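Below you'll find the structure, written out as structure tokens, and then a few comments.
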Amino acid sequence: MSDVVEKTLTALPSLLSLDSQPGSAKLSSSSKLGALIRGITELTSKHEEEKLVQHELASLKDQVSSPNISMRQMKEAMVRAIYCEMLGYEASFSYIHAIKLAQQGSILDKRVGYLAVCLFLNENHELLLLLVNTVLKDLQSTNLIEVCMALTVVSQMFPKDMIPAILPLVEEKLNHSKEIIRRKAVLALYKFYLIAPNQVQHIHNKFRKALCDKDPGVMFASLHIYLQMIKDNPEGYKDLTASFVTILKQVVSGKLPMDFNYHSVPAPWLQIQLLRILSILGKNDQMSSEIMYDVLDESLKRAEINHNITYAILYECVKCIYTIYPNSDLLEKAAKCIGNFVISSKINLKYLGLKALTFVIQQDPKLALQHQMTIIECLDHPDIIIKRETLELLFRITNAQNVTVIVEKMLEFLHQSKDDHSTIDLVGKVAEIAEKYAPENKWFIETMNTVFSLGGDMIQPDIPNSFLKLLSEGFDSEEENQKLRLFAVDSYISLLEGEIKKLPQRFLQVISWVLGEYSHLRTDLDSARVITLLAKLLDMKQMSGETKTWVLMAMTKLCSGESSISIAQSVCDDYSSSMDTVLRQRAHELQLLSQDSALRGQLLTLHSGSEPLEVDSSLSFLDAFVSEALAAGAAPYKPPHQRQEELAQEKALSLEPYELSLPINMSSSSLTGRQSPTLMSVSSGLSGDSTELSLKGNTTILKLEGVKRVWGKEGYLSRKDPLEEVIQVENPSSPSQPTGTGGTPSDTPTPSATPEPEHGKQQLASSLFIGLGSQTSVFLMGKSDPTAQRIRRKVKTPNSSMAVTERGSVSSTSSAVDNLLCNNIPESANMVQEVTYETPPPYKTELDARLNEDLIDSTPSPVQSNGVETTSDKTESEITDKPRDECSSISLPAKLSGLPHSEVTSLCSNQTVELSACHVEKHDYVLLVIFISNSSDSDMENIHLQVISEQLEVSLLCESPLQDIAKHSMAVCQYLLNVRRPVVHFEVVGMLSYQTSSENQEVEFSYKLPLTSFVRPLEVSTEQYGTMWLAFSNDTKQNLALVTDGQDPLTDTLDLLKKKLGLHVVEIIGVEGIVACRLVQDQPCLLHCRVHGRTLAVWLRSPIPELPDCLLYHCQRVLEET
Amino acid sequence: MIRFLLMVNRQGQTRLSRYYTDVELKLRQNLETEVVQRCLSRSKEQCSFVEYQDYKLVYRQYAALYIVVGVTDDENELSIFEMIHNFVEILDKYFSRVSELDIMFNLDRVHIILDEMIQNGHIVETNKSRILAPITAIDKICDG
């Protein structure tokens, strides 16, 4: 009763005012919002909707711009605007009012203002800048609700550049007494981490505090940050594994307050989050995984309640168990759990089971066997989604023996599917497995025909490309190649003779190319007949210009003999005046070549083989032309992004304070101007351009290499044992014995009724799961796919990835050599010496000296004698060190020891070998010196040391690769490092393989070096600085701490940066300073610093996108350390 | 990750939409129409997950109202399915027996509740009383 009274009372004000209250669905009839909503509910057509909304927008526009609108009315107007946008009509005039509402409104009005901002604007909208002050004010408010609102909006959207302005306030909130404020502060920091990870790098320890917060909600919020950080860098958080496990244990055993339960399951989404974190931490890490086994077991056991949410947890648990280092007991339980899912009558659960099965089947194909009958049933499931998921699963277990059945099933699905996206996806998959496992030519070509016809013109372009590449490059046996090509030609001829209207453009292009290239193989085929067929294609209405070009090119290749020439001539007449320039050119080519058979013979030789053409992707032959044009006054080339940037800068209002602060630079640069070909832009126009092109060229080449080309004749040849398996497997699946095919009949549901369709299913099962039957062992680690490997003979180089890296390193060596030459260091390849010496300590100095001498001899540049002396002194004092500490006593070659270098650190060691390394900072590059010391009693042979890095170019400085290291001796390798892509810390990984007493061994190691090792001062004048500043497009801004102990904070801070990071201070003017540096390879970065109260506002610019952020990180570190 | 959350009625009219990735206003209308068609065409016996472009739709029906959530493929569909129910239970608690009209007339409030649950495409809070705390506090001030 009292409830009713209360409700009526709360409903009263809403009737009087324009505001609505919870529980009341009625608004006063005079309310404009009410009218709009009523209007919307009564809509019957799209046309009416448009009329209504346009009318509404017009009235809104009037209302919001009226000066006497109250905030309450404004709030209502915003909700109406939200409605209009929700229906798809832009209400951009109201955006600015939403910000105003957030600024001036009280509580609910303010909240709606913030809400409207979040709904209307995207993260890059410039109006967001106007919100910053409001957020700042609300963060400092004494009203907790306002603080909450501000944090909520910040954690959803905030301009990246303004984070420093509010970061201290948000950090402060981490210590607030209310859990809700702490929680929201953590979420805001999470947002900052997502959009600008560098800005919150310094508060990582506060995240830890949040993780340990006494309130579970705050802890849950911090898990979002951790999941993200662990995804980015799993190695950095291994120490937290035990903490996450403890948290999960407590959650699972119900230690949380009751209100965290959902349908009496304790904090399910929290559990899921934790399981995701654990699976990343435990991946490929036995130590961490072992900590988790108990709690995973517990989670599996606890989830006994029959509720969807427990299944969701179980699914996550199973995924985790199969991701981390395997434990057979857990795997068994997880497999059972999946089994229950798949056979469940609940359709959602069945779906999730299939998804889980698809995930785990890569580790353990045997599981598919256990559930084969269920899978077969799912294939015929009325729900298309279940079917689709099943095909996904089958795709993962495809092998040479079941490929035909699986492809048949997929094509069947494709014929029914109407969804473009899934068609494209599935067509790609069919093409992939057909190419990989095709049993014979006929099947392959026919399958690809279906793929091309079904895929239509939406097909991914790499499918026809790789198909043609396969045809042209072929396999190892030339005879087999010809057979495949012949088959393709036959098949296409008959296709063209049939109904050609339905063939998609892409397919026609493939057909034209193949006919042009290979129809000569069929000797009984008259080229005139092919040309006639092709000419017929040209007459089709729906032919695209591109396809016509392909056809014309095919004709050019084929055109010989009188009758063909006459057809070609008439085609040329049609197209030589075409509006399409490419088409016109092809027509002219055809015309010329068909008349001049000698020229044609020269250009298009048959059987030209597959020697790849040498393409100068850098277009260096045009350099002369370019420099001529430049000399004649042409504007230098600018890459599109730079042009766009400049255009944008010219158009947009400049919000940058730079013009005001550095008038000297401005004047000089405005004189020279952006367009004027300064030294910088000319050089970038020439060499920069060509490197970019060559890079582009490289990537295309690499991409082609990467395409799997594993289908081969072998699939056909190696049918010997597959056949045996077929026999073996088909026996048990005969109707008399309706159990499954694998070794685990008990797990298979065995419906005995309806023997006829059952029989069909059994047969289907036996053909689907054939390849899996022979593998009864559980594959705990790695993907086991022996059949695939058997077939994989197709690849030309046995290890294509190796080939690629080798090529990569070769080219980088040559470029490194170029670099060295440019820098006037006549670096002969023997710069790196492979020197051996005995390990026993007493001999060390002598040998060191010898080592030094060797290097002195080989290096032409004079070595500072002091440097050498200090080194030898140092080593002498360390003679007595034990071999264990060897790395500290290893000294650098004399030439290098004078240069700044890092300490020698141990990389790894085992019984035979110890690896240590250090890096030396040279003027134009960084040298990585690796010491390999053989501490065993036997010689190391066949040594192969491979060092690579994602972000660095690594090239070996050595003429002959090292082969052997005698017992108790040592070798030194030097690698030249250059920056490919700047990151905060570079990582170099390597592998050393060697033989000792005919046993093959491998050790892996990694070495980290900071960006600062690559930073060098860049000495430029203020004028040059000004010009460069304007030319660079990538920038970052941040406030840093000032060094405040001295007289002049700015000078002190810059000096510190100069000392620690090797920057060059160009000039200090009043409260501003400009600083410049470069990475070794002449990649500049400019810093503009300005004192702002107690902080230093730093603005970094560079032509390299990643550089400012990375450098900023190090500046921050340096300043924090003091 | 959650890409968007929609509330649509059986006639295909959008009652609430929230996007967690940038989708242009012009494209939203089209996307919503397609999404709704996908979900409406399915029967009760079929599973509550549908493919759409390169991501999955998870939907749940409450009387005439459908709630559809678009997620990326790495998401746990069943947990999203239950999240929808949690959301509805919360709305039910707040409005005491929520109806389509409640949502229409209190669009701002529903959004505020949703903001507490999902941020940046991730589920950030699931505790019912904590999700409702901010909005009830605001209501109290407005009433009082």
Side-chain angles (χ1 to χ4, degrees), chain A residues 10 13 19-23 25 27 34 37 40-41 43 79 82-83 85-88 90 107-108 111-112 115 118-119 122-123 145 148 152 155-156 180 187 191 194 217 220-221 224 259-260 262 267-269 272 308-309 311-312 315-316 347-348 350-352 382-383 385-386 388 419 421-422, chain B residues 13-18 22 25-26 28-29 32 42 45-54 76-83 85-86 94-96 99 101-102 104-109 111-112 115-116 119-120 122-130 133-139 141-143:
Chain A
T10 47
D19 201 4
S20 71
Q21 290 301 314
L27 278 177
I37 293 172
I40 291 174
T41 49
L43 287 177
V79 179
I82 293 174
Y83 259 104
E85 290 236 323
M86 189 172 83
L87 294 171
E90 201 182 275
I107 303 298
L108 181 60
R111 183 65 185 86
V112 172
L115 171 70
C118 287
L119 290 173
N122 67 24
E123 287 187 72
I145 298 181
C148 252
T152 308
S155 51
Q156 297 187 79
I180 186 165
L187 290 173
K191 179 70 186 179
L194 286 180
F220 184 19
H224 290 286
D259 61 349
F260 281 90
Y262 172 76
W269 290 277
I272 288 172
N308 273 334
I309 197 67
Y311 302 139
Y315 168 77
E316 216 64 48
I347 184 104
N348 287 342
K350 198 189 256 311
Y351 168 88
L352 209 64
D383 189 347
I385 301 296
I386 298 281
R388 179 82 174 78
D419 178 49
H421 199 274
S422 70
Chain B
Q13 293 162 318
T14 310
R15 291 305 180 222
L16 177 139
S17 68
R18 189 79 164 96
D22 266 348
L25 202 60
K26 287 172 227 148
R28 291 185 185 182
Q29 211 50 22
E32 282 164 26
R42 294 178 62 81
E45 296 79 50
Q46 294 180 312
C47 70
S48 316
F49 318 120
V50 200
E51 273 194 323
Y52 176 68
Q53 291 181 0
D54 56 341
N76 179 336
E77 285 92 343
L78 208 53
S79 82
I80 298 293
F81 186 68
E82 285 308 307
M83 179 215 68
H85 192 64
N86 194 27
Y94 180 69
F95 292 105
S96 32
S99 70
L101 274 184
D102 285 324
M104 291 194 76
F105 280 94
N106 295 286
L107 186 67
D108 46 348
R109 285 188 164 79
H111 266 298
I112 292 169
D115 274 354
E116 295 295 317
Q119 278 178 2
N120 301 304
H122 296 285
I123 304 172
V124 294
E125 184 58 83
T126 54
N127 181 324
K128 291 191 178 68
S129 44
R130 290 187 171 195
I135 186 72
T136 36
I138 291 174
D139 284 339
I141 290 179
C142 291
D143 290 353

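In what follows, every chain begins at residue 1, and chains take the letters A, B, ... in the order their sequences are listed. Note that this is a predicted model, so its numbers are computed, not measured.
Residues passing the ring-ring contact (aromatic ring centres under 6.0 Å, His included) test with Tyr315(A), sequence neighbours excluded: none. Residues that satisfy the side chain to side chain contact (heavy atoms under 4.5 Å, CB included) test with His85(B), not counting sequence neighbours, are Tyr262(A), His263(A), Arg60(B), Tyr62(B), Glu82(B), Glu89(B).
Between chain A and the residues Val50(B), Ile123(B), Leu16(B), Asp115(B), the most heavy-atom pairs under 4.5 angstrom are made by Asp115(B). Note: Leu352(A) leads Ile40(A), Leu352(A), Val112(A) in heavy-atom pairs under 4.5 Å with chain B. Comparing Glu123(A), Glu90(A), Glu85(A) by how many heavy-atom pairs each has under 4.5 Å with chain B, the most go to Glu85(A). Ranked by heavy-atom pairs shorter than 4.5 Å toward chain A, the options Ile135(B), Asp22(B), Ile80(B), Thr136(B) are led by Asp22(B). Top candidate by heavy-atom pairs under 4.5 Å with chain A, chosen from Glu125(B), Lys26(B), Glu32(B), is Glu125(B). Counting heavy-atom pairs closer than 4.5 Å to chain B, the top-ranked of the candidates Ile145(A), Leu194(A), Val79(A), Leu43(A) is Ile145(A). The candidate with the highest count of non-hydrogen atom pairs below 4.5 Å against chain B, out of Leu119(A), Ile107(A), Asp259(A), Ile309(A), is Asp259(A).
For chain A, the nearby parts of Arg15(B) are the backbone and the side chain; heavy atoms of each come within less than 4.5 Å. Of the two parts of Tyr351(A), only the side chain, counted from C-beta on, holds a non-hydrogen atom closer than 4.5 Å to a non-hydrogen atom of chain B. With a threshold of 4.5 angstrom between heavy atoms, Ile272(A) approaches chain B through side-chain atoms but not through N, CA, C or O.
Between His122(B) and His224(A), the ring-plane angle classifies as tilted under the 30° and 60° cut-offs.
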Carefully, step by step, assess Arg109(B) and Asp102(B) under the rule salt bridge (Lys or Arg N to Asp or Glu O under 4.0 Å).
CA-CA 10 Å; Arg109(B) 285 188 164 79; Asp102(B) 285 324; over 6 Å; no
Start with the C-alpha gap between Lys350(A) and Asp383(A), add the side-chain angles, then the distance that decides, and say whether salt bridge (Lys or Arg N to Asp or Glu O under 4.0 Å) holds.
CA-CA 11 Å; Lys350(A) 198 189 256 311; Asp383(A) 189 347; over 6 Å; no
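Using a 4.0 Å cut-off between a side-chain N of Lys or Arg and a carboxylate O of Asp or Glu, Asp108(B) and Arg111(A) do not qualify as a salt bridge.
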